[in-house]
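Presented below is the structure to which this report refers.
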Amino acid sequence: MKGIAKWLHERNLFPYALLVPVLIFFIVWNILPLLWMVGLSFYKYDITTGEPLKFLGMDNYQAIFRDHGIWQALSKTFLFVILAVGLETILGMALGFLFWGSSKMPGRRLALTLLFSPMILTPVAAGTFFRLIYDPVFGIANYYLEAWFGLKINFLGDVKWAYPAVLMVDIWMWTPFMILMTLAALGSVPKAELEAAQVDRLPWIRRLWHIVLPHGKFILMLGILLRTIDAFKTMDLIYTMTSGGPGNATELIAISLFRKAFEAFTMGNASALAIISLLIAIAFTSIYLYILNYKERRA
Amino acid sequence: MKSRSLSVILTLVLLLTMILSACSGNKSNNDSSSTSSSSSGSTASSGSSAASSGGEGGSSSLAGKKIEMSILGIGGWVPSQLSVEMSPAFAEYAKEKYGYDVTFTFEEAPFSSLFQKAAASLSTKSQEFNIIISDSQWLGAFAEPGWIVSVNEIMQQEPELANIEWFDPVVQKAYMTYPDGTDQLWGFPQEGDVLVLYVRKDMLSDPTEQANFKAKYGFDLPQTFEDFEQLTIDKFLKMAEFFTRPEQDLYGTAVQYSKEYDYFTGSFYPHIWSSGGEIWDPVSGDVYGVLNTENNAKALETFVSIRNYMPPGAENYGIAQVTEAFTQGKLFSAYHWAAVGAAMITPELQDKVMVVPIPGYEVNGEIKRISSIGGQPWVINKFNDEDHMRVAIDFLKWWYLPETQLEFAKRGGNPTTKAALESPDFDSIQPWFRAYRYSLTESRARDFWHHPKYSELLSIQQEEFTSYLTGGRSSAAETLEVIACKQQQIMYDAGTTKNAPPAACANIR
C-alpha cells in the first residue's frame, strides 16, 4: 500500500488518485445515463409495446420543434423563470439588507429561522398545502377573501389565476434562499471598507454600488444562477397543485417532459426533450458566467 | 497544444463509442424482450412457468415452507387495500389446506403512477411484486413486453379458475381480455366497477322541494330506482340546476374534469356512448371520422355544461374532490365510481343517499345509457419463481370462493362472479350494489382502449379535453378534430390502422 502511495507521489499522481472515487461515481451516475439518454433520443422507444427499438435519426427532435404545445410550455417556462427569479432576487435582497442592518433586533434569530422554513419543505408538501389553502370551497385564502372583500377566487381552477397562483408559491418558497445568499454576500464584504464608507458618510445606494456589490456579486450571481436552473426545472411543486392545468395554463417544460416520459411512456421523444432542456440550462449557465466575468475579461 | 488536441479527439471518440454502445446494448435488450413477448402471446413461458407449478400437487410440495408474497395495488383505493386486509384469511386457509405459511405485504402507487412503478420493476425481470392490481387498460402494456402470465395457460392447469362463471360477458372483456375480440386472457377481475349516480334521497323526498320543482319544470322529481331508469340527461340537468344554490353552498352535481390520469375521460365517455357515438372503430383501427363527429361534439358540450352546476374549482375535480364535496353535503348528486361507495356514504349520510344508474340519452325514442367500466384486474408477474407462482394461483382460487367473494362484498368491494351477484340478498349488502349490478352488463357498460398505446392516447385526450374545458380550445368540434388527428397518427404508427391521418390533419396545432 505504501509502495503505491510512494509511486503515485513520485509521479505527481496522488491528487488525481484522490479524485478517482468521485469521478467513478460521477461517470456511473451522471455521464453514462446522460449518454444513454442522448442515444435514446434518436430512437423510437415505447416501453408499453414491447417493440424493438427503431432508429429514427433526428425525427424525435423534429417532432419536438413542430409541437406547438412544447413551444407554449417553453414560453411559459421562460416567463416563469424571469418572474420567479426576478421577484425572488428583489425581495430576497431587500429582506437580506433588512436583516443585515438589524443585528440588534429582538427575535431576529427566530424570525430568520421562520423565514427560512419554506425553503426546507419538500415541494410536494408545499404544493399540497397550497392546493388546500387555495381551494375555492374550503380553502383559507378564499375564506378571508370573502370575509374581507366579498370575493371568491378559483385560484387553481381559473386559467387567469392559476399561473400567478403557482408563481406566488414558488416565490414564497424560494425567496428565503435569496435572503440567505444576500446575507452571505454581505458577510463577504470587508468590514474596514464598510467602516470607511460610514466615516465618509457615503449614501447607502453608493455604498451598495461601490462596496457591497463588487465584493458580493459572485455569491449573488451564484444564487441567481442556481435559482434560474432550479426554476427552469420546476415540476413537483406545480404538478402537485394543478398537474399542469387547468388546461395547459401551468404546464411548464418539466411537466411536459414528465408527461411524455411517465404518462405517455414515449421514452425516445421524452429523451430528446430532456436533451433540449439540458442545452437550454447549459446556455443559461454560460450566459451568467459570461456576465459575471465580463469586467475581468475586459481588464 | 498538440497533445491537447489529441486528448479532445480521444474524448470525442470515447463519447461517440459510448453513445453507440448504449444504443446497441439497448436494442439487443429490447430485441430479446420482444422475442419473449411473442412467445408469451401464446404461452406463459415464464422462468417458473404457470404450467409447471400447476395442480394441487404443486401446492402440497410447498408444505412446511414460509412464503412472503407482495401485492402492488392502488394507493388509497379501498378495493385494493381490501385484498391485503383479507389476506390473513387466506393464510389460515393455505395453512390448513396446503400446509404452508404465507404472509402478504402491500406496495402501493396512485392510479397515475402504478404502471410506472410496476414497469420499472418488471422490466428488470424482478419478482418484487408477485401479484399486481392493474388498471384494466394496462393489460396490453403488461402483456406485450411479456411481463405477465397468460391466464389461458393457468386455466389449462386449474379447472377451478377456468370454470368460474362471471356475472356478465363484459367482465371477461373488460378485466381479462387483450387484444379486444380475442380469447387471449391476461388478468382476473379483482374489483368490478362502473360509473353510477349518487343522489341525496332526503332532498328528493322533501315535499317542498318536490312541489317547487314541479312548479318550475313541469315534471316530478324522480323518487325510486325505477324512476331513475327513465331519467334522461336533459331532465337530470334541470334537477342539477334546481339544486344549485351557491348562496346555500349547495350545488346540483359533480363530475371529474381533472387532467390527472383518466379522470376526465372516464367521466366523459358515457356521454359519447349513451348518445350513440363511438370513440374509435376497433375493426379498422380508425379514430379519425369516428371520434370527431357532430354527435360527439354535442356530447362534449353537454358534459362540459355540467360545470354550471358544480362548486367553484370544478376544473380540478378528480376522485377525491368529488368524494369530499359530496360527503361535506355540498352536492345534491354526483357521478362517481361504485368502488367509492363506502367513502361516499358516510355514517352521517347513511340513510340519505340512494345510488342509481347514470342518466341516459334519448336515442331514436329509447333511453340509452352506457356507463364507463372502472375496476381493476389481478395480473401475475411472469418472473415469479415456482413457489410464488403456486401461491399466487392458490390465492386467486381462494379469492373466487363464494364465501371470499361475499366477505369482499360485505367489506365494500364489488365482486364480479355470477354466484355473488346473483345471490338473493346481493342488492341489500351495500347501498350501491343494485346500481352496480344493473350497470355491469354488456349493453350498459364499456371499457376503453385495451391497447398498448393506451398511455399515449390517454395523455393526448386528457390534455385536449381539459384545454377545451378551460378555454384553450375554442370549440368541442375543434377539440375532437385535434384528438382524432393525433390518435389516428398513433394508431397508424403502431400498425393498428392502415389509414394515415388525412391531409387536413397537417394543419392542426
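As a basis for the values below, the full set of heavy atoms in this structure was taken, side chains included, without hydrogen atoms, waters or symmetry mates. Chain naming here is simple, since letters A, B, ... match the order of the sequence lines and numbering starts at 1 in each.
- Under a cut-off of 6.0 angstrom, the local environment of CZ in A:Phe138 is crowded, with over 12 non-hydrogen atoms contributed by other residues, nucleotides or ligands.
- Residue A:Lys54 holds its NZ atom at 7.5 Å from CG of B:Asp493, rounded to the nearest 0.5 Å.
- For the pair B:Lys259 (side chain) and A:Gly247 (backbone), a donor-acceptor distance under 3.5 Å is present.
- Between A:Asn154 and B:Gly313 the shortest heavy-atom distance is ND2-N, 3.0 Å.
- With a threshold of 4.5 angstrom between heavy atoms, B:Glu456 approaches chain A through its backbone and through its side chain.
- Pairing each heavy atom of A:Pro246 with each of B:Thr470, the nearest pair is CB-CG2, 3.1 Å.
- The heavy-atom pair separating A:Ala264 from B:Ser459 by the smallest distance is CB-CB, 4.0 Å.
- Contacts between residues 66-80 of chain A and chain B, defined by a heavy-atom separation under 4.5 Å, are made by A:His68.
- With a threshold of 4.5 angstrom between heavy atoms, B:Tyr317 approaches chain A through side-chain atoms but not through N, CA, C or O.
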(request) Begin from the C-alpha positions of A:Glu263 and B:Gln462 and carry the test side chain to side chain contact (heavy atoms under 4.5 Å, CB included) through to its verdict. (result) CA-CA 11 Å; A:Glu263 283 185 11; B:Gln462 283 290 106; over 6 Å; no
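- Contacts between B:Glu464 and chain A at a heavy-atom distance below 4.5 Å are absent for every atom of the residue.
- Of all heavy-atom pairs between A:Thr242 and B:Asn316, the closest is O-OD1, 4.5 Å.
- Note on B:Arg473, B:Gln116, B:Glu315: by heavy-atom pairs under 4.5 Å with chain A, the leading option is B:Gln116.
- With a 4.5 Å cut-off on non-hydrogen atoms, A:Lys260 does not touch chain B at all.
- Using a 4.5 Å cut-off between heavy atoms, A:Phe55 does not touch chain B at all.
- Annotation: residues 269-288 of chain A contacts chain B through no residue [non-hydrogen atoms, separation under 4.5 Å].
- Distance CG/B:Leu458 to CZ/A:Phe265: 10.5 Å, rounded to 0.5 Å.
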(request) Dump the intermediate steps for side chain to side chain contact (heavy atoms under 4.5 Å, CB included) on A:Asp46 and B:Lys453, then the final yes or no. (result) CA-CA 9 Å; A:Asp46 185 342; B:Lys453 286 285 185 181; 2.6 Å; yes
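- Within 6.0 Å of CH2 in A:Trp172 there are more than 12 heavy atoms belonging to other residues, nucleotides or ligands.
- Of the listed residues (A:Phe155, A:Tyr134, A:Phe262, A:Tyr239), the one with the most heavy-atom contacts under 4.5 Å to chain B is A:Phe262.
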